[in-house]
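As structure tokens, the structure follows; a few thoughts come after it.
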Amino acid sequence: MSDNKTILVTGGSGLVGRAIQKVIESEGKSNETWVFLSSKDADLCDYNATKQLFEKYKPTHVIHLAAMVGGLFHNMSHNLDFLRNNLHMNDNVLQISYETGVKKVVSCLSTCIFPDKTEYPIDETMIHNGPPHPSNFGYSYAKRMIDVMNKAYFEQHGCMFTSVVPCNVFGPHDNYNPESSHVIPGLIKKLFDIIKEGGDTFTVMGTGKPLRQFIYSLDLAKLFIWVLREYNEVEPIILSVDESSEVSIQQLAEELVNAFDFKGKIVFDTTKADGQFKKTASNKKLRKYLPDFQFTEFSQAIKESVDWYKENHDTARN
Ligand code: NAP
Ligand code: GFB
């Protein structure tokens, strides 16, 4: 039987999608055809538009990245939109993958969807053990339903639909729009603009105390491609840096100051929310499969992300 694959990447124009595209282009595998989509190809909230897209490309495999995605503040103000848009997209992509005989779908959860009250480190078995943090309950429940649907498609139809659980992701081609961005692109744009205007104060929202694990998008891309080719459990797998790589928002701000060689001062605006204090995830399951995987050094990844923005700020998603 032909082992030729046609891999459809929904959300291919985003942060993670562009990283996968860069890794794939460097590999040049001949038996794989990769198709990277954006919302211009189809609104995946629309069943018929999604069906037409699948009939056009006839994918054998799907990496489902497309989602309404945002940082803490965007989630806090749009929980209903995050819930409904992501439920619609996820249901259409999985149902149409089943209807058109897609062999494997890898969808994307997030370490921020785990129970707010939990012991640490969190692992793949804990996803449904209690309500998520109130700041992003809409996004969290929509993402949790991917795991529930994967299990239902496997039990009723034997579908190999699985999911990965990244920690916070950053890198080139991120979303830098202050209304919706995550902390790293938000602070990169902010510090870039301060320096351009000759300012001397870098205001960071919150106390700076929350802890996060950040994975470089190019590292996540390599892991995603491995999951597509080699991982065949329906159960999710966490794709995160080690627990020891967790940093505080203050440490992140200091890394950015170094990367920009900024000489001014950092100030914390404690009137703004901190969100989840921590969501420390274990990558033990990943390490069992890939014990020698090397993550890019955080300072190096931050420097590359800052340099990319300096070169591309005019065309970046601001
Ligand atoms: P992103 O940069 O915001 O990109 C989102 C992608 O989804 C874009 O390609 C966008 O297309 C597409 N999209 C959005 N709405 C759509 C719609 N209605 N129909 C079709 N396409 C639509 O997101 P990302 O950071 O790469 O995230 C990718 C995946 O990783 C998501 O599932 C997200 O939940 C997950 N994740 C992200 C993080 C993180 O820190 N970034 C952490 C954990 C998990 P356009 O370009 O046309 O808008
Ligand atoms: O990346 P972020 O917005 O989301 O990080 P989460 C928020 C943390 O960074 C909070 C601080 O502690 C904020 O106080 N922060 C400081 C800032 N300055 C800024 C800034 O300029 N912009 C932003 N955005 N934060 C998200 C979830 O949680 O994690 C999403 O809400 C998603 O659903 C994402 O899954 C991966 O890490 O707090």
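Note that this is a predicted model, so its numbers are computed, not measured. For ligands, and for the atoms within them, numbers begin at 1 and follow the listed sequence.
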Relative to the ring of [Y], is the ring of [X] parallel (under 30°), tilted (30 to 60°) or perpendicular (over 60°)?
X	Y	answer
Trp308	His173	tilted
Tyr141	Phe137	perpendicular
Tyr98	Tyr153	tilted

For ligand 1, which atoms have a heavy atom of [X] less than 4.0 angstrom away?
X	result
Ala42	19 (N), 20 (C)
Ser38	47 (O)
Val16	26 (O), 28 (C)
Cys167	42 (C), 43 (C)
Asp43	17 (C), 18 (N), 19 (N)

*First locate atom CG of Leu8, then atom CG of Asp41, and finally report the distance between them rounded to the nearest 0.5 Å.*
8.5 Å
Tell me: protein heavy atom nearest [atom], and distance?
atom	result
atom 38 (C) of ligand 1	Val169 CG2, 3.6 Å
atom 16 (C) of ligand 1	Met89 SD, 3.8 Å
atom 27 (C) of ligand 2	Asn136 ND2, 3.7 Å
atom 24 (N) of ligand 2	Ser181 O, 3.1 Å
atom 8 (C) of ligand 1	Ser13 OG, 3.6 Å
atom 35 (O) of ligand 2	Cys112 SG, 2.6 Å
atom 4 (O) of ligand 1	Gly14 CA, 3.4 Å
atom 20 (C) of ligand 2	Met205 CE, 3.5 Å
atom 29 (C) of ligand 1	Leu65 O, 3.3 Å
atom 6 (C) of ligand 1	Gly11 CA, 3.6 Å
atom 26 (C) of ligand 2	Lys279 NZ, 3.9 Å
atom 23 (C) of ligand 2	Val183 CA, 3.6 Å
atom 47 (O) of ligand 1	Ser39 OG, 2.5 Å
atom 34 (O) of ligand 1	Tyr139 OH, 2.5 Å
atom 38 (O) of ligand 2	Arg212 NH2, 2.8 Å
atom 8 (C) of ligand 2	Ile249 CD1, 4.0 Å

Using distance alone, determine whether [X] and ligand 2 share an N or O pair under 3.5 Å.
X	value
Gln276	no
Phe73	no
Asp274	yes

Check this for me: [X], atom [atom1], are more than 12 non-hydrogen atoms of other residues, nucleotides or ligands nearer than 6.0 Å?
X	atom1	answer
Arg84	CZ	no
Lys310	NZ	yes
Glu233	CD	yes

Contact between [X] and ligand 1, counting heavy atoms under 4.0 Å?
X	value
Ser217	no
Lys143	yes
Leu109	yes
Arg317	yes
His182	yes

_Non-hydrogen side-chain atoms of Arg287 and Asp242 separated by less than 4.5 Å_ = yes
*Select one of side chain, backbone, both or neither to describe which atoms of His64 lie under 4.0 Å from any atom of ligand 1, heavy atoms only.*
neither
[X] with [Y]: basic N within carboxylate O range, under 4.0 Å:
X	Y	result
Lys5	Asp3	no
Glu99	Lys51	yes
Arg229	Glu27	yes
Glu255	Lys303	no

*asked:* Please compare Asp269, Leu72, Val69, Val204 and report which has the shortest non-hydrogen distance to atom 7 (C) of ligand 2.
replied: Leu72
*asked:* I'd like to know if the side chain of Asn150 and the backbone of Val234 have a donor-acceptor N/O pair within less than 3.5 Å.
replied: no
Of all the heavy atoms in [X], does at least one lie under 4.0 Å from an atom in ligand 2?
X	answer
Ser135	no
Gly71	yes
Gly70	yes

Compute whether any side-chain donor of one residue and acceptor of the other, for [X] and [Y], lie under 3.5 angstrom apart.
X	Y	value
Tyr47	Gln95	no
Thr201	Lys265	yes
Asn90	His64	yes
Thr207	Asp274	yes
Thr296	Asp219	yes

Can the ring centres of [X] and [Y] be said to be less than 6.0 Å apart?
X	Y	answer
Phe295	Phe214	no
Tyr176	His313	no
Phe293	Trp226	no

*asked:* When you compare ligand 1 with Leu15, is there at least one nitrogen or oxygen pair between them that comes in under 3.5 angstrom?
replied: yes
*Please determine if Val69 has a nitrogen or oxygen closer than 3.5 Å to a nitrogen or oxygen of ligand 1.*
no
*Proximal atoms of ligand 2 relative to Asn168 (non-hydrogen, under 4.0 Å)*: 1 (O), 29 (O), 36 (C), 37 (O)
